[in-house]
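The basis for the numbers below is simple: all heavy atoms, side chains too, and nothing from hydrogens, waters or symmetry mates.
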Amino acid sequence: MKETLINYTLHLADNSLILGQRNSEWCGHGPVLEQDIAITNISLDLIGQARNFYQYAATLINSSKKSGSSKAPSSEGFGEATEDSLAYLRTEREYKNCLLVEQPIGDWGQTILRQYLFSQYQYLLFQQLQNWKDEQIAAIAAKSLKEITYHLRWSREWVIRLGDGTEESRQRMLKAIDELWRYTGEMFMPVIYEKETGIDFNKIKEEWDLKVSAVFSEASLILPSGGGGAVFMQTGGKEGKHSEHLGYILTELQYLQRTYPNCEW
């Protein structure tokens, strides 16, 4: 059970870290100052969530290492696991984030749609996790829900604004749907370590479909194949099989720590 908990905690952390890193690419480049600040704050929220999960994962990993009950990530070759070693010293195949969060930011419409699709999923997931059997995960989820509620409201309003705006903004949103929809199915396809958590992914998927359908309808956007039934879904991220984009993200994210090991401000 501890190995399952470690893997699942890393999965939650990796989702938040990689999406936070992606969104941070907008810092100083947002369409207007207010939204530049908004997307940067969302990045900080996500990285804060990642820190909480990594700290807990490090505690679990170090405990397992001492008892010899679980194989630890390769970052432990650098000593005891810490939030920094889990973020900066793991290899690409050891990351367990969904493929959706590592996709390029594209234009503003693609970033907005990705944030909405993920935030809607994360909100429904964390609603279950706040009552989960593991008290630490439950506490992190409950605390994070306050931030996720804002992420969801902000991104939902932007999806509606762009989808039901000008012809150009609508076309950009339709293009964003074409780019990102194929990565949404993975969120609801539990892999081995998720199946053991008892999370009701079918319920999350059902509620997610209803919420997204309602927003798309209000935004005058077309929902692909009535919810994605005929769209081939890309998978593998949760098991460490990523797109080429993650390698570039990690090159930038991990450069300083790998070039100057154990450096501190």
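Formation of a donor-acceptor pair under 3.5 Å by the Ser144 side chain with backbone atoms of Ile140 is found in this model. Between the side chain of Asn7 and the backbone N or O of Glu3, at least one donor-acceptor pair lies under 3.5 Å. The backbone N or O of Gln103 lies less than 3.5 Å from a partner atom in the side chain of Arg114, making a donor-acceptor pair. No side-chain donor-acceptor contact under 3.5 Å links Ser16 to the backbone of Ala13. Under a 3.5 Å cut-off, the side chain of Thr149 and the backbone N or O of Leu145 do form a donor-acceptor pair.
In this structure, a donor-acceptor pair under 3.5 Å is absent between the side chains of Tyr150 and Asp45. Side-chain atoms of Thr40 and Trp26 include no donor-acceptor pair closer than 3.5 Å. Under 3.5 Å, the side chains of His29 and Asp36 contain no donor-acceptor pair of N or O atoms. Judged purely by distance below 3.5 Å, without hydrogens or angles, the side chains of Trp158 and Gln35 pair a donor atom with an acceptor atom. Checking Lys2 against Ser63 by side-chain atom types alone, a donor-acceptor pair falls below 3.5 Å. No donor-acceptor contact under 3.5 angstrom links the side chains of Glu244 and Tyr248, judged on distance only. With 3.5 Å as the limit, one finds a donor-acceptor pair spanning the side chains of Asn23 and Gln115. Using modelled atom types and a 3.5 Å distance limit, the side chains of Gln49 and Gln122 yield a donor-acceptor pair. Between the side chains of Thr91 and Glu94, at least one donor-acceptor pair of N or O atoms lies under 3.5 Å.
Minimum heavy-atom separation, Leu253 to Ala87: CD2-O, 4.1 Å. Across Ser24 and Ser43, no two heavy atoms sit closer than the pair N-OG, 3.2 Å. Scanning both residues, Ser220 and Asp164, for their nearest heavy atoms gives OG-OD1, 3.4 Å. In terms of heavy-atom proximity, Leu124 sits nearest to Ile204 at CD1-O, 3.6 Å. Across Leu99 and Gly236, no two heavy atoms sit closer than the pair CD1-N, 4.3 Å.
The only option from Met233, Gln234, Lys238 that meets the side chain to side chain contact (heavy atoms under 4.5 Å, CB included) definition with Glu186 turns out to be Lys238. Tested against Trp181 for a side chain to side chain contact (heavy atoms under 4.5 Å, CB included), the candidates Val231, Leu113, Leu100 yield a single pass: Val231. Each of Asn52, Thr59, Leu60 was evaluated against Thr9; a single residue qualifies, Leu60, per the side chain to side chain contact (heavy atoms under 4.5 Å, CB included) test. Of the residues His242, His245, Gln21, Arg22, the one that meets the side-chain hydrogen bond (donor to acceptor under 3.5 Å, both in side chains) test with Glu102 is His242.
Side-chain contact between Asp200 and Gln128 is present, with heavy atoms from C-beta onward closer than 4.5 Å. At a threshold of 4.5 Å between non-hydrogen side-chain atoms, the residues Asp107 and Gln110 count as touching. You'll find the side chain of Leu180 stays beyond 4.5 Å of the side chain of Thr184, heavy atoms only. Taking 4.5 Å as the limit, every side-chain heavy atom of Asn202 sits out of range of all side-chain heavy atoms of Phe188.
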Step-by-step side chain to side chain contact (heavy atoms under 4.5 Å, CB included) determination, Leu117 to Tyr183: CA-CA 10 Å; Leu117 296 174; Tyr183 301 107; over 6 Å; no
Evaluation steps, side chain to side chain contact (heavy atoms under 4.5 Å, CB included), between Phe216 and Ile177: CA-CA 10 Å; Phe216 274 37; Ile177 294 171; 3.5 Å; yes
Side chain to side chain contact (heavy atoms under 4.5 Å, CB included) evaluation trace for Leu256 with Tyr88: CA-CA 9 Å; Leu256 189 63; Tyr88 297 134; over 6 Å; no
Criterion side chain to side chain contact (heavy atoms under 4.5 Å, CB included) on Tyr95 and Leu250, from CA distance to verdict: CA-CA 10 Å; Tyr95 277 76; Leu250 296 183; 3.7 Å; yes
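Interatomic distance, Asp209 CG to Glu206 CD, rounded to the nearest 0.5 Å: 8.0 Å. Annotation: the span from Ser155 atom OG to Ile42 atom CD1 amounts to 7.0 Å, rounded to 0.5 Å. From Cys98, atom SG reaches atom CG of Asn15 across 4.5 Å, with rounding to the nearest 0.5 Å. Atoms CD1 and OG1, from Ile192 and Thr4 in turn, are 9.0 Å apart once rounded to the nearest 0.5 Å. Between the OG1 atom of Thr197 and the CD1 atom of Ile137 there is a distance of 10.5 Å, given to the nearest 0.5 Å. Of the inter-residue distances, the one linking Arg156 atom CZ with Lys211 atom NZ reads 7.5 Å to the nearest 0.5 angstrom.
By the 6.0 Å contact criterion, OH on Tyr56 is enclosed, its count of non-hydrogen atoms from other residues, nucleotides or ligands being greater than 12. Around atom CD of Glu92, more than 12 heavy atoms belonging to other residues, nucleotides or ligands sit under 6.0 Å away. Atom CD of Gln171 has more than 12 neighbouring heavy atoms from other residues, nucleotides or ligands inside a 6.0 Å radius.
A salt bridge links Glu168 to Arg172: at least one charged side-chain nitrogen sits closer than 4.0 Å to a carboxylate oxygen. With respect to the salt-bridge test (charged N to carboxylate O, under 4.0 angstrom), the residues Glu239 and Lys96 do not qualify.
At a threshold of 4.5 Å between side-chain heavy atoms, the hydrophobic network of Ile, Leu, Val, Met, Phe, Trp and Tyr places Ile47 and Phe126 in two separate groups. Under a hydrophobic-cluster definition in which Ile, Leu, Val, Met, Phe, Trp and Tyr are linked whenever side-chain heavy atoms come within less than 4.5 Å, directly or via other members, Met189 and Met187 are assigned to the same cluster.
With sequence neighbours excluded, the residues that form a side-chain hydrogen bond (donor to acceptor under 3.5 Å, both in side chains) with Asp14 are Tyr54, Arg90. In terms of the side-chain hydrogen bond (donor to acceptor under 3.5 Å, both in side chains) criterion, Arg170 has no residue partners (sequence neighbours excluded).
Using cut-offs of 30° and 60° on the angle between ring planes, the pair Tyr8 and Tyr193 is tilted.
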